[in-house]
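Everything on this sheet refers to the single structure shown next.
Because the structure is predicted, anything quoted here is derived from the model rather than measured.
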Amino acid sequence: MFYSTQDPERIIELINKYPMFRQMYGDVYEVCRNMEKVMGMFSEELREMDRNTVQYMIDEMQATIDAQAAALEEEKKRHEEEKKKYEEEMQDLIATQTAALDKAMKRIEELERKVGSEPVK
């Protein structure tokens, strides 16, 4: 009520009831009479709000960037693990096929020796 009323009777009633408000009301009244000062205070508050908004947006973007970087790092690790697992599986498969091929080659050599040692009919 102290700041919102412009009714002189109500202001006098408030000051009479609460004398400590007289000096404060006088200060507020003087500030309001000097519109340039009021606009300066308003402009300064807007500048501060703009700075705070920009800082908040930067903080939000940084949090998003950090979260994306962490997700990318996790994805990279997952891909590296999958690649390592795939390479190990391929090495195992190659080793198995090499062993099977060696076994088949030995069997072929045995059969060739057997066929070569038998008399021709």
**Request:** List, by chain and number, the other hydrophobic cluster members for Ile58, where Ile, Leu, Val, Met, Phe, Trp and Tyr join if side-chain heavy atoms come within less than 4.5 Å, directly or indirectly.
**Result:**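 For the cluster that includes Ile58, the remaining residues are Val54.
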**Prompt:** How long is the span from the CE atom in Met57 to the CG atom in Asn52, to the nearest 0.5 Å?
**Reply:**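 Rounded to the nearest 0.5 Å, the CE-CG separation comes to 13.0 Å.
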Sequence neighbours left out, cut at 3.5 Å: what donor-acceptor pairs do the side chains of residues 75-101 make with other protein atoms?
unit_1: Glu75; atom_1: OE2; unit_2: Arg78; atom_2: NH2; d: 2.4
unit_1: Glu75; atom_1: OE2; unit_2: His79; atom_2: NE2; d: 2.9
unit_1: Arg78; atom_1: NH1; unit_2: Glu82; atom_2: OE2; d: 2.4
unit_1: Thr96; atom_1: OG1; unit_2: Asp92; atom_2: O; d: 2.8
unit_1: Thr98; atom_1: OG1; unit_2: Ile94; atom_2: O; d: 2.7

**Item:** Connected via hydrophobic side-chain network under 4.5 Å: Ile12 and Leu14
**Value:**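 No, Ile12 does not connect to Leu14 through the hydrophobic network.
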**Prompt:** Do any pairs count as a salt bridge (Lys or Arg N to Asp or Glu O under 4.0 Å) and have a residue in residues 98-108, sequence neighbours left out, and if so which ones?
**Reply:**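 Found Arg107-Glu110.
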**Prompt:** What pairs meet the salt bridge (Lys or Arg N to Asp or Glu O under 4.0 Å) rule with one or both residues in residues 65-74, with sequence neighbours excluded?
**Reply:**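 Residue pairs with at least one partner in residues 65-74: there are none.
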**Request:** Could I get the full list of salt bridge (charged side-chain N to carboxylate O under 4.0 Å, His left out) partners for Arg51, not counting sequence neighbours?
**Result:**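 For Arg51, the residues satisfying salt bridge (charged side-chain N to carboxylate O under 4.0 Å, His left out) (neighbours in sequence not counted) are Glu44, Glu48.
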**Message:** Using the side chain to side chain donor-acceptor pair (under 3.5 Å) criterion, which residues pair with Asp59? Sequence neighbours excluded.
**Reply:**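 Applying side chain to side chain donor-acceptor pair (under 3.5 Å) to Asp59 gives Gln55.
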